[in-house]
There are 2 protein chains.
Amino acid sequence: MEAPLILSNHDLRNTSARLAVLGIFQKYTYALSHSNIEKELQKDFDRVTIYRTIHSFLDKGIVHKVMDDSESAKYALCVDECSSDHHHDNHVHFKCSKCGNSECLNNIQIPLTNLPSGYIATESNLLIEGVCKACS
Amino acid sequence: MEAPLILSNHDLRNTSARLAVLGIFQKYTYALSHSNIEKELQKDFDRVTIYRTIHSFLDKGIVHKVMDDSESAKYALCVDECSSDHHHDNHVHFKCSKCGNSECLNNIQIPLTNLPSGYIATESNLLIEGVCKACS
DNA sequence: TCATTTATGAAACTCTGTTGCAATAGTAAA
DNA sequence: TTTACTATTGCAACAGAGTTTCATAAATGA
Ligand SMILES: [Mn+2]
Ligand SMILES: [Mn+2]
Ligand SMILES: [Zn+2]
Ligand SMILES: [Zn+2]
């Protein structure tokens with residue numbers, strides 16, 4: 001979908017910072033951190049603006065957080081129709097130990113796990129590490 | 001096992017900082033961050049010493065990193081015989097959204113997942129969020 | 001006890017992320 | 001198109017996590 005339409009569909013104003021950041025997310029197939037995005041941007045937006053842009057995308061369901069054992073948070077585009085109310089990101093994340101990239105395996109569901117009695121699951125998050133298709 | 005023995009078994013010198021930090025890990029059933037440990041310590045050790053202590057425990061296989069969507073890294077004692085060479089921590093981690101604690105469910109194995117061709121898994125990490133036994 | 005090696009404390013630093021506030025830009029209605 | 005309103009931006013200042021360097025202190029084994 002076109003970036004300006006994505007923004008208005010998610011009740012966000014069409015600003016140049018948001019269009020630029022969204023364009024970068026669309027360009028890459030793996031999860032990006034704040035610093036990845038900052039380096040990739042042509043025009044210099046303020047660091048804080050980039051943080052706020054990521055937050056608004058997260059809040060409106062344009063991106064989701066990708067867990068990773070790295071120090072800084074990473075984010076990737078949501079594929080399904082996500083909204084402020086609900087994220088549909090029950091897929092597996094794969095981190096390649098060669099290239100370091102984390103990607104969403106959108107077609108692979110996280111298996112249900114039998115928990116001990118007394119534990120109630122509401123969300124789950126599976127990160128698999130290894131070697132990705134491009135690196136193997 | 002006694003703390004001094006654990007240290008020498010893992011080729012670490014018996015220092016007061018390490019004994020104190022190890023004692024704190026043994027006291028809690030959930031994963032701890034650097035700042036959790038710092039607050040819990042009676043004697044004031046330097047922040048850097050605590051960081052270095054955690055690193056040496058991680059390196060020698062006394063603790064393992066516990067993934068969590070929180071900002072700072074958390075660590076918990078290894079149960080099996082872990083070493084510098086290999087961590088045996090293929091268990092599930094459970095984060096309670098009420099108390100905020102992350103614990104190791106050492107008896108629950110992470111299920112194997114069918115990856116697309118070209119992907120090779122070497123490690124996996126499953127974080128389940130919900131309500132823990134104590135809070136439910 | 002002594003020599004050697006490893007650990008610690010202190011200071012300075014980097015990187016990530018947040019907050020408050022004044023200036024600016026987007027939007028929808030006139 | 002112009003206006004008015006509100007959301008967004010840039011800037012500065014801040015807080016927290018984690019690292020590096022180096023001189024001093026403590027642990028270990030001889
Ligand atoms: Mn994803
Ligand atoms: Mn664990
Ligand atoms: Zn790769
Ligand atoms: Zn709980």
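Nothing here was measured: the structure is a model prediction, and the numbers come from that model. Just the heavy atoms: all of them, side chains too, but no hydrogens, waters or symmetry mates, feed the values below. Naming convention: chains lettered A, B, ... in sequence-line order (proteins, then strands); numbering from 1 in each chain.
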Return the value, rounded to whole Å, for the distance between atom [atom1] of [X] and atom [atom2] of [N].
| X | N | atom1 | atom2 | answer |
| --- | --- | --- | --- | --- |
| B/D44 | C/dT8 | CG | C1' | 14 Å |
| A/I37 | C/dT16 | CD1 | C1' | 14 Å |
| A/L41 | D/dT9 | CG | P | 12 Å |
| A/D46 | C/dT16 | CG | P | 15 Å |
| B/K60 | C/dA7 | NZ | P | 8 Å |
| A/D11 | D/dT8 | CG | C1' | 15 Å |
| B/F45 | D/dA26 | CZ | P | 12 Å |

Original post:
Between CG of A/N114 and CD of B/Q109, what distance do you get to the nearest 0.5 Å?
Top reply: 13.5 Å
**OP:** Taking all non-hydrogen atoms of both residues into account, name the closest pair between A/G100 and A/K74 and its distance.
**Re:**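 Closest approach of A/G100 to A/K74, heavy atoms only: O-NZ, 3.8 Å.
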Subject >> Nearest heavy atoms of B/G118 and A/S136, plus distance in Å >> reply: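 Nearest pair, atom of B/G118 first, then A/S136: O-OG, 2.8 Å.
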Using side-chain heavy atoms (C-beta onward) and a distance below 4.5 Å, is [X] in contact with [Y]?
| X | Y | result |
| --- | --- | --- |
| A/N101 | A/C135 | no |
| A/S35 | A/S72 | no |
| A/K95 | A/L127 | yes |
| A/P116 | B/K133 | no |
| B/C104 | B/H64 | yes |

Subject >> Nonpolar side-chain network containing A/M1, other nodes, edges under 4.5 Å >> reply: A/L5, A/I6, A/L7, A/L12, A/L19, A/V21, A/L22, A/I24, A/F25, A/Y28, A/Y30, A/L32, A/I37, A/L41, A/F45, A/I50, A/I54, A/F57, A/L58, A/I62, A/V63, A/Y75, A/L77
Original post:
Any idea how A/H91 and A/H93 line up, ring-wise: parallel (<30°), tilted (30 to 60°), or perpendicular (>60°)?
Top reply: perpendicular
Original post:
Using the C1' atoms of the five pairs at each end, what is the angle between the end axes of the helix from C/dT1-D/dA30 to C/dA30-D/dT1, to 10°?
Top reply: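 Its terminal axes enclose an angle near 30°.
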Original post:
Can you get from A/I128 to B/I110 by hopping between Ile, Leu, Val, Met, Phe, Trp and Tyr side chains that sit under 4.5 Å apart?
Top reply: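 Yes: a chain of side-chain contacts under 4.5 Å links A/I128 to B/I110.
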Original post:
What does nucleotides 15-23 of chain D look like as a protein-contact string, B for base, S for sugar-phosphate only, - for none, at under 4.0 angstrom between heavy atoms?
Top reply: --SBBBB--
What does the list of N/O pairs under 3.5 Å between the protein and nucleotides 28-30 of chain D look like, with a distance for each?
unit_1: D/dT28; atom_1: OP1; unit_2: B/N14; atom_2: N; d: 2.9

Original post:
Hey, can you pull the residues of residues 18-33 of chain B with a non-hydrogen atom under 4.0 angstrom from DNA chain D?
Top reply: none
Original post:
Which is it for A/N36 and A/S33 under the side-chain hydrogen bond (donor to acceptor under 3.5 Å, both in side chains) test, yes or no, and what are the steps along the way?
Top reply: CA-CA 5 Å; A/N36 292 152; A/S33 67; 3.1 Å; yes
Original post:
According to the ring pair (Phe, Tyr, Trp, His ring centres under 6.0 Å) rule, which pairs have a member within residues 94-136 of chain B, sequence neighbours left out?
Top reply: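 Those involving residues 94-136 of chain B are A/F94-B/Y119, A/Y119-B/F94.
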